[in-house]
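All remarks here apply to the structure that follows.
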Amino acid sequence: MKIVVLVKQVPDSGAERNLRPDDNTVDRSSANNVINEMDEYAIEEALRLQEAHGGEVTILTMGPERASESIRKALSMGPDGAVHVLDNALSGTDALGTSRVLAAALQRINPDVVLCGAESTDAGGQVLPHMLAERLGIAALTGARKLTVEGSQLTIERQTEEGYEVVTAATPAVVSVWDTINEPRYPSFKGIMAAKKKPVETLSLADLGVSAEQVGWTGALTGVASHSKRPPRSAGQKVADSGEGGVQLVEFLTNEKFV
Amino acid sequence: MTPSAQQRDFAASLHELLAAADTPSMARAWGRGEHPSGLALWRQLAKLGVTALAIPESHDGLGATAMDLVVAFEELGHHAVPGPLVESIAVAPLLAPPQWLPRLASGEVIATVAPWYLDADIADLVLGGTPGALAACVDRTRRLFPAAGDLTEPAFNAGVLACAAQLSGLGRALLEMSVSYAKSRVQFGQPIGQLQAIKHRLAEVLIALDFARPLLYAAAFSGTARDISAAKVACGDAAYLAARTALQVHGAIGYTEEFDLSIWFSKVRALVSVWGTPAEHRARVMAAL
């Protein structure tokens, strides 16, 4: 089974994150850049599939030069190799453009299963898995909290607010996962040492046959017009309890639609 | 002589594992003689390769360098992990009969060694002599069974180096705790970390720890008795300063056993004087000069 895991490098969600004042994009230069947390679950799921069914696992990343750190980190968990789509023209690309580039890269690899995190911690759009499936003309099994494979049949439990839905599809398919699906492994000494010897193929837009006009700032159909800091929290309302405190509390919760 | 990118990645991986493992609760349980959580962590450490580092590749180990071990032990100290880590992971591989090595590497076998026989009650393999009865230690997570016994010179040196690395990590953790406390503890209308007297003390700890580290890495690199002794003295002094300062910065709460600082504090106190006292190591340095 050929598995590709999409890995995005994002600013650490544990630290303060900013948008750049000049072009409204995520400020990655001052941030501690890490693997998108949800993608680690996708890598773990891919490795478990590989352990159970054989095959190979490839990491696919689109991102600037420094995304190679995240690729190494991903490889140290155990995948066999990686493809890094790296091109200066990609700066400013929106989700639609990203899906165009990743779809082109996936067509070269021709995997049975594409695994990815259900969302990234920086953009949080959740749209990419669907866009990729549409572009590639394959099934989208999204938001999985469980994945089982029998032959070429994939079954997921799609996590919803009320419970879960069972969704099936035949390979090839895109599967996006939530952090409820597994517990990602920590890179081992052996994995870290092996990672530096694993092949990482770097591809440009030209290699993928995607023109620069279709991506980047020029190709983006969406953009951030402006941004501002979240206003500081205002002081809460203090209620002195003179026997009516409980009622006021319930009224507050009702107004806020908590109850 | 600083850790490579791979060694830093390995330390980061260990840090992530240990930070999520709630080592303080584990250490308290271990001290009470309740081992399940600590042994579960041991198996996880084995998965990451920690138990296989000092075992040669010919016996299913990783054949790692002394520097790899130092990096791992700094992180084990950083999180005050309980158990016979130095004994089983750094020392036993040099003493154990070859048929034991694959299972030491896989983490199935835990070993302990003379003369303290740390955790002899759960050890599968005891090396260097026969353990005595359970004895009290200032660090309650250290369950000692002291008795006579002997170690070879290389085995002793491996223990000293690993212990020095553990002290370096313990000291760093104590500094981190103190800095974070000094930033959050407000007194006289300001965080105490804004007071110059506190800043100076913390800066001195940082300097001591930063100056001890090159000696530690040099000892891993050269492997000579003199360098290893110098590293043990420097890391012990720095960690002890970090511990004393942490106690001062934390004030009254630092003295309570229920507060996690006590786990790091008492471990430093214990490790400063095992694997050779500071005086013994100074004498070894002196003799080699």
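Residue numbers start from 1 in every chain, and the chains themselves are labelled A, B, ... in the order their sequence lines are given, proteins ahead of strands.
- Contact annotation for B/L53: only side-chain heavy atoms (C-beta onward) come within less than 4.5 Å of a heavy atom of chain A.
- Atom CD of A/E256 is surrounded by more than 12 heavy atoms from other residues, nucleotides or ligands within 6.0 Å.
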Just by distance, which donor-acceptor pairs between chain A and chain B come in under 3.5 Å?
| residue | atom | partner | partner atom | Å |
| --- | --- | --- | --- | --- |
| A/P187 | O | B/S13 | OG | 2.6 |
| A/F189 | N | B/L48 | O | 2.8 |

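- Summarising the local packing, OH of A/Y164 is surrounded by 12 or fewer heavy atoms from other residues, nucleotides or ligands at distances under 6.0 Å.
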